[in-house]
**Q** 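Just dropping this structure here.
Computed from a predicted structure; not experimentally measured.
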Amino acid sequence: MPDGYLPDSGPNRGGPNGGGRITAVLGPTNTGKTHYAIERMLAHRTGVIGLPLRLLAREIYDRIVALRGPSVVALVTGEERIVPDRAAYWVSTVEAMPEMDPDFLAVDEIQLCADPERGHVFTDRLLNARGRHETLFLGAETMRPAIAALVPRVQFLKRERFSTLTYTGQKKISRTRPRSAIVGFSVENVYAIAELLRRQKGGAAVVMGALSPRTRNAQVELYQNGDVDYLVATDAIGMGLNLDIAHVGFSSTVKFDGRRMRHLAPTELAQIAGRAGRYMASGTFGVTGEASPLDEETVESIEQSRFLPLRRLVWRNGRLEFGSAQRLLASLEQHTSNEWLSRARDADDVLALKALSERPEVTDRLTHPQRVRLLWDVCRVPDFRSLSGTEHAHLLAQIFDFLSDRGRIPDDWLAVQVRRLDRPQGDIDTLSKRLAYIRTWTYVAQRAWVDDEKHWRGETRAVEDRLSDALHGALTQRFVDRRTSVLMRRLKDRESLVAEVNDKGEVTVEGEFVGRLEGFRFRIDKTGSPDEAKTVRQASEAALRPHFALKADRCYNAPDTEFDYTEQGGLMWGDTALGKLVAGPDPLSPGVEPFVDEEAGPEVAEKVRRRLQHFIDRKIASLFEPLLGLRKDETLTGLAKGFAFRLVEALGVLPRQQVAADVKALDQEARGALRKHGIRFGQYTIFMPALLKPAPTRLRLVLWSLARGLETFPESPPPGLVTIPNVEGTPEGSYTVSGYHRAGSRAIRIDMLERLADQIRGEDSRAGFEAKADMLSITGMTLDQFADLMTGLGYTAEKGERPKVKAVEKPREATAEEIQAAAEKRAAEEAAKLLAGDDAEVPPQAVVAAVTAAISEGDVPPAEAAPAEAATPAAESAAEEAPVPAEAAPEAETADPAATPPEAEAADPAAAPEAESAPVEMEVFYTFTWRPKPRGDRRPRRDNARQGQGDAGAGNRGPRKAGGGKPEGRFKGPKKGKGGKRDDRPKSFEARPPRHDKPIDPDNPFAVLAALKDKQ
C-alpha cells in the first residue's frame, strides 16, 4: 500500500484537453526541479503539488510555510491533515491530492508511473490531473516518449545537473569517507551497518521510509549539524530528500519489492546516487559491504544520465462502478487497448476487496451502491502494520461493520486501540511496530468515520509524536556512541586473538565479551554487525576447539544423575541442552541427535551422541522394566504372545475396546501367564499398574509423541490428580498414554476408573442406582461432576429431588447380655415344665416349640430380639424348623404406648400445624442407568427391575408375594441337583453341637436342647 493513501480525495480531473499550459520538466537529480515547481506555484493564487513520499511532503510544507506563513498552506497526507481556513497552497502525497480546481498543479517524480505497486496512481494523475492555468510534471528524462504520446499539447523543459557525479568503485565500510550515506534495503541491514559505524566511526543517523516525519527530522538533524558524519538509509532518500551528502555507498544492489527479490534497475540506482553532491558541489557513488561492483555500462549511464525510455506505464481503470461488489471488481480489472498502458497487478486495496466480498457478513450489507462505495473506501485503508492479508481483512471487516451499522466507529472501541499503543517504552523494533500501528488509526482519524474528528486527530497525532520521540531516543542510544569499539580495533590490528571461557560459558576475545558457549554450540553476541560476527567467529573457533574436546570428555564421564530429558524430547546436561530424541525403529528404541557445532569436530559429536544414547537406553530399561520383561518372555506363545506384542507396542496402556476380541479369545492359562508380568485386565483398560507412576508416564508420553511424529508433545499431567480436564484438540490417544480415560468434561485415571467399575459392578445398573459416598470419594468429585463422568462412561443420569431425611434418635436397645439373660430364664422355665411332667420321653420338637414361644411372647419384646449374628448355629437351625405360634400374632399387634415410634407421634393432629410450618429441606440425587450400545446379536436378558415394589424405603428387598410372607429376590430357592434340575425331594437338617467332657448343665436350656437332639 502506498505511503499516504487517502481514498476519498482525488485530483482535479480537468481531462487531457483541459485549459492551461502543460509542461514536463525532465532531468536527472540535483537539477532544481522541485525548487522550480515551488516558485511556479507561489506565482499563482492557488496551487496543489503532489509528492511521492510523506516525508518529502512534510519537508516541502515546511519550506512553503517559511515563505508564506502557516495560515495559507495546507498539508494533506494519509496520516496528517493540516488545513487552515484560508488555505491557498496544498502540499500532499500523490495519492492524497485534493479534488479541487486550482490555478496551478504539479506532480513530482512522474517516472513512478512505471512502478508496479503505485504506478497506476501516478498514471491517473498524468492523464487526468490538471491546473486551471498551469500544470507541471516533474521527473526523469525516460518519461519523454510516454508523456508526448499520452498528453496532448505538452511542452518539455529539460534541466541539466548542477554538479558532476563520479563512480569510485568498491570500498569497505570502515574506509568510507565522512559525510557519506550508506544505503541498505532491509531494516536488519540498516541496523547492522549503523551499529558497525557506531563502533568504528562514533555513530550514524538512520533514515527510513517507515519513520514518522518527526523521527526522520530528528535523525537528519543529527547528521546535518555534524553530531555524526554518517547516514544509513533505505532508498527513501532517493525521493527528493535534500541533504548535505558527499558520497553514496550501496551496501546491496538487490531489494525485495514486496513480492520477490530483484536487482535494482539503472534508473533506480541513479535516483539514489543522485543524492550525492547537492547544488554546485560534486558527488561520488560506489558500492560497499557485500555488494558487487557495478558494470561499466551501468556506471556510464548513471554518470551521463542516459537511460532507455519507458515504454509501458502501469494503469488501472478510474471509472469505477458501484452497483455491486462484483461490478466494482470487474471495473477494477478492466483492461486497456492503449499500447502505452498495461493493467496494474492487484494492489492491496483490490486484494482486500476480494477477501471481504467473500464474507457473507459483508456481502449481506451491500444493499445499495453507497454501501459498495463505503466498502471500497474501507478497503483502501493502508496495511501500515504489514500483517498477513487475512489479519488485515479482519480489521477492515470490523471497521466496515461499525460504519454500515452505526455510521461511525465507536469512540470507546477506538480509544482501546489507541490506548494499547500509547506506551513509549521498549526497544527499537517494538517502538517501530507501535509507530506503524498508530499510523492506521491516524489514517482512520482523518476520515469522516468518527464523531469528533478534531479530537481523534489530535489524540493519534500526540501518540505518534510520543512514540516518534521515544524511537529517536532509542536509535540515538543504540547507534550514536563516540566511544570506539575496543574489540574491533584489536581484531583489525592483531593477527591472532586469545579466547577464554568462564564457568558461566561466557566467551571473551582479548578480554572483550564476544558470545556464549551453550553446551557444544557457540552463540555469538548479536549486538554486532554481520561483518563483525564473521570475524569474531573465525577468531573464536580456533581458541574454542581445545575446550570442546575437554568438555566432551567431562560429558562422557558424567553420571546419569546429571542428565535428564524434557517433555518435548530435549536432552539436558544440567541446565544445558545437548541434543534431542528422534524416532527410532520402535517406540522403546529412540535415537539421539546431538547439538554440536561443526567446528567442534566429528569426534566430539560422536562422543556426545554415544553418551546421550547410553543415558536414554538406561532410563528406558529402568522405568519400563516390566514391559521389557514382557517383550523378552519366550514362554509366551500363540494368542498370549501376540497380545503381549500389542501391549508393548502401546507402551503398557491399551484400551480394552481395541482388543476386545483378543481378550475374549484368551484362555485362563494365557491370562495367568500375562498376569505374572503385572498386567491387569480392567473393564476399560488393559494396563500395567507399575507403569502408571509419574516417571514412566512422563517418559511414555515422550516416546509416544516421537513415534507419532508430533511437532509439539503433550505434557504429562501433574502427579496425584484423579481427574483432569478433557481438553478438546489434544492428539488422539494422548490421554490414554497419560494414564487417563476420557469421560465427559474430564478424564479419570484408569486405575481409579477400574476401582469405580468394581463398585458399580455390585449395583443394579439396569434398574438404576444412586451414587454411593465411596464412589464420590474415589473420584474426588461433586455429585454433578460425577453425573457428567458417568454420562461419559455410557450411563444415563436422571436428576431428581426429594425431601432430605434427617437422622432420628432411636430409643436405647437392650444389650445382648440382657436379651440372653431374659431368653435363658424363660426357656429354662418352659423346659423344666415339660421334663418334670412324667418319665415319658419328650419329643425335642416340643421343647423347641415351647422355648421359641417363651422367647417370642415372654419377657423380651420383639423389637429387642438378638441380632442374627449373635445366635449359635444350633439355635439358627432350630429356629428354621420351628413353626410360628398362632397365638403370638395378636400380641404382636398390641402396641406399647411407651414404645410409640417418633413417626406415630408426628401424626398427632395437635402437632400437625407445627410440622407444616417447618421448611422442608430438599436434596438432589441422580439415578444412573446403563445405556447399552445397540447390537444386532444381543441376546435377551431377564429383567431384573423391581416391579410392584412398595414404598421407597423398601431398600433392596424383592417384591412381596401376593399372599404375604417373605420378600422374594434376596432369598435363595431350593438347590438344584446334578444336571441343573430342581431337587424337590424332602430333606432333613440337623445341627450337631460340639461334644463336651463336662456334664450337661440342667440350668442351661440350650445345653438341654442340644443334648436332646444329640440323643435322637
Side-chain angles (χ1 to χ4, degrees), residues 518-521 551-596 604-633 644-654 677-679 687-720 731 733-740 749-751:
E518 297 178 357
F520 293 87
R521 293 187 296 187
K551 192 169 186 178
D553 291 338
R554 292 200 306 271
C555 174
Y556 196 83
N557 296 322
D560 280 353
T561 54
E562 296 184 8
F563 295 89
D564 197 4
Y565 62 93
T566 68
E567 293 190 349
Q568 297 301 316
L571 293 172
M572 308 293 293
W573 182 24
D575 296 332
T576 305
L578 288 190
K580 66 177 181 179
L581 293 173
V582 295
D586 63 80
L588 291 175
S589 303
V592 169
E593 180 181 322
F595 297 155
V596 180
V604 172
E606 179 61 20
K607 183 175 290 188
V608 174
R609 189 199 66 79
R610 289 202 311 269
R611 181 63 188 89
L612 295 177
Q613 190 69 57
H614 293 337
F615 159 72
I616 196 61
D617 290 344
R618 286 195 285 264
K619 180 66 71 173
I620 293 175
S622 172
L623 296 180
F624 290 92
E625 181 180 359
L627 199 62
L628 295 176
L630 177 65
R631 183 168 68 175
K632 296 177 182 178
D633 189 353
F645 175 81
R646 293 201 61 177
L647 190 61
V648 171
E649 194 176 44
L651 298 175
V653 181
L654 192 60
H677 291 278
I679 298 175
F687 62 99
M688 289 182 167
L691 300 186
L692 296 184
K693 296 179 180 179
T697 299
R698 177 169 172 258
L699 181 56
R700 180 170 55 249
L701 270 172
V702 174
L703 299 179
W704 177 82
S705 302
L706 284 173
R708 282 290 195 89
L710 301 181
E711 294 184 0
T712 302
F713 297 177
E715 296 183 359
S716 176
S734 61
Y735 277 92
T736 302
V737 178
S738 302
Y740 286 81
R749 214 169 67 203
I750 58 178
D751 57 338

**Q** Suppose we screen for side chain to side chain contact (heavy atoms under 4.5 Å, CB included). Which residues come up paired with Asp586, at least two apart in sequence or across chains?
**A**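 Checked Asp586 against side chain to side chain contact (heavy atoms under 4.5 Å, CB included); matches are Leu588, Ser589, Arg631.
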**Q** Taking atom NZ as the centre, does Lys551 end up with more than 12 heavy-atom neighbours from other residues, nucleotides or ligands that are less than 6.0 angstrom away?
**A**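 It does: Lys551 NZ has more than 12 such atoms within range.
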**Q** Where is the tightest heavy-atom contact between Pro590 and Ile616, given as atom of each residue plus distance?
**A**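 In this case the closest contact between Pro590 and Ile616 is CG-CG1, 4.4 Å.
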**Q** Asp751: which residues meet the side chain to side chain contact (heavy atoms under 4.5 Å, CB included) condition with it, sequence neighbours left out?
**A**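 Checked Asp751 against side chain to side chain contact (heavy atoms under 4.5 Å, CB included); matches are Phe687, Leu692, Arg749.
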**Q** Measuring from Leu623:CG to Lys619:NZ, what's the distance to the nearest 0.5 Å?
**A**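 Leu623 atom CG to Lys619 atom NZ measures 5.5 Å (nearest 0.5 Å).
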**Q** Could you please spell out the steps behind the side-chain contact (heavy atoms from CB on, under 4.5 Å) verdict for Phe624 and Leu699?
**A** CA-CA 9 Å; Phe624 290 92; Leu699 181 56; 3.5 Å; yes
**Q** Test of understanding: with side chain to side chain contact (heavy atoms under 4.5 Å, CB included), list the residues that count as partners of Ala650, not counting sequence neighbours.
**A** Leu654
**Q** List, one per line, each side-chain donor-acceptor pair under 3.5 Å for residues 572-579, sequence neighbours excluded.
**A**
unit_1	atom_1	unit_2	atom_2	d
Trp573	NE1	Glu562	OE1	3.0

**Q** Would you please name every residue forming a side chain to side chain donor-acceptor pair (under 3.5 Å) with Glu606, sequence neighbours left out?
**A** Arg609
**Q** Could I get the full list of side chain to side chain donor-acceptor pair (under 3.5 Å) partners for Asp560, not counting sequence neighbours?
**A**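 Asp560 satisfies side chain to side chain donor-acceptor pair (under 3.5 Å) with Arg611, Arg618 only.
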**Q** Roughly how far apart are Leu647 CG and Met688 CE, rounded to 0.5 Å?
**A** 5.5 Å
**Q** Of the non-hydrogen atoms in Leu691 and Arg700, which two are nearest, and what is the gap between them?
**A**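 Leu691 and Arg700 have their closest heavy atoms at O-NH1, 2.8 Å.
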**Q** Please report the closest heavy-atom contact between Pro694 and Pro719, naming both atoms and the distance.
**A**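 So the two residues come closest at CG-CB, 3.7 Å.
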**Q** Looking only at heavy atoms, which two atoms of Pro696 and Ala690 are closest? And how far apart?
**A**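 Shortest heavy-atom separation between Pro696 and Ala690 comes out as CG-O, 4.1 Å.
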**Q** List the atom of Phe563, the atom of Cys555, and the distance in Å for their closest heavy-atom pair.
**A**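 Reported closest heavy-atom pair: CZ-O, 3.6 Å.
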**Q** Quick check: are there more than 12 heavy atoms from other residues, nucleotides or ligands sitting under 6.0 Å from OH of Tyr556?
**A**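 Yes, because the 6.0 Å sphere around OH of Tyr556 holds more than 12 heavy atoms from other groups.
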**Q** For Asp564, enumerate each residue passing the side chain to side chain donor-acceptor pair (under 3.5 Å) test, keeping only those at least two apart in sequence or located in another chain.
**A**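 So Asp564 forms no side chain to side chain donor-acceptor pair (under 3.5 Å) with any residue.
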**Q** Name each donor-acceptor pair under 3.5 Å that joins a side chain in residues 703-717 to protein atoms two or more places apart or in another chain, with its distance.
**A**
unit_1	atom_1	unit_2	atom_2	d
Ser705	OG	Leu701	O	2.7
Arg708	NH1	Glu732	O	3.4
Arg708	NH2	Glu732	O	3.2

**Q** What residues, two or more places apart in sequence or in another chain, satisfy side chain to side chain contact (heavy atoms under 4.5 Å, CB included) together with Ala552?
**A**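 Here the qualifying residues are Phe520, Val604, Lys607.
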**Q** Give me the atom names and distance for the closest heavy-atom approach of Glu649 to Pro587.
**A** O-CG, 4.3 Å
**Q** Going by side chain to side chain donor-acceptor pair (under 3.5 Å), name the residues that satisfy it together with Thr566, two or more places apart in sequence or in a different chain.
**A** none
**Q** List in chain and number order the residues that pass ring-ring contact (aromatic ring centres under 6.0 Å, His included) with Phe595, two or more places apart in sequence or in another chain; answer none if no residue qualifies.
**A**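 Result, ring-ring contact (aromatic ring centres under 6.0 Å, His included) vs Phe595: none returned.
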**Q** Kindly compute the distance separating CG (Leu612) from CG (Leu581), expressed to the nearest 0.5 Å.
**A**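 The CG atom of Leu581 is 8.5 Å from CG of Leu612, to the nearest 0.5 Å.
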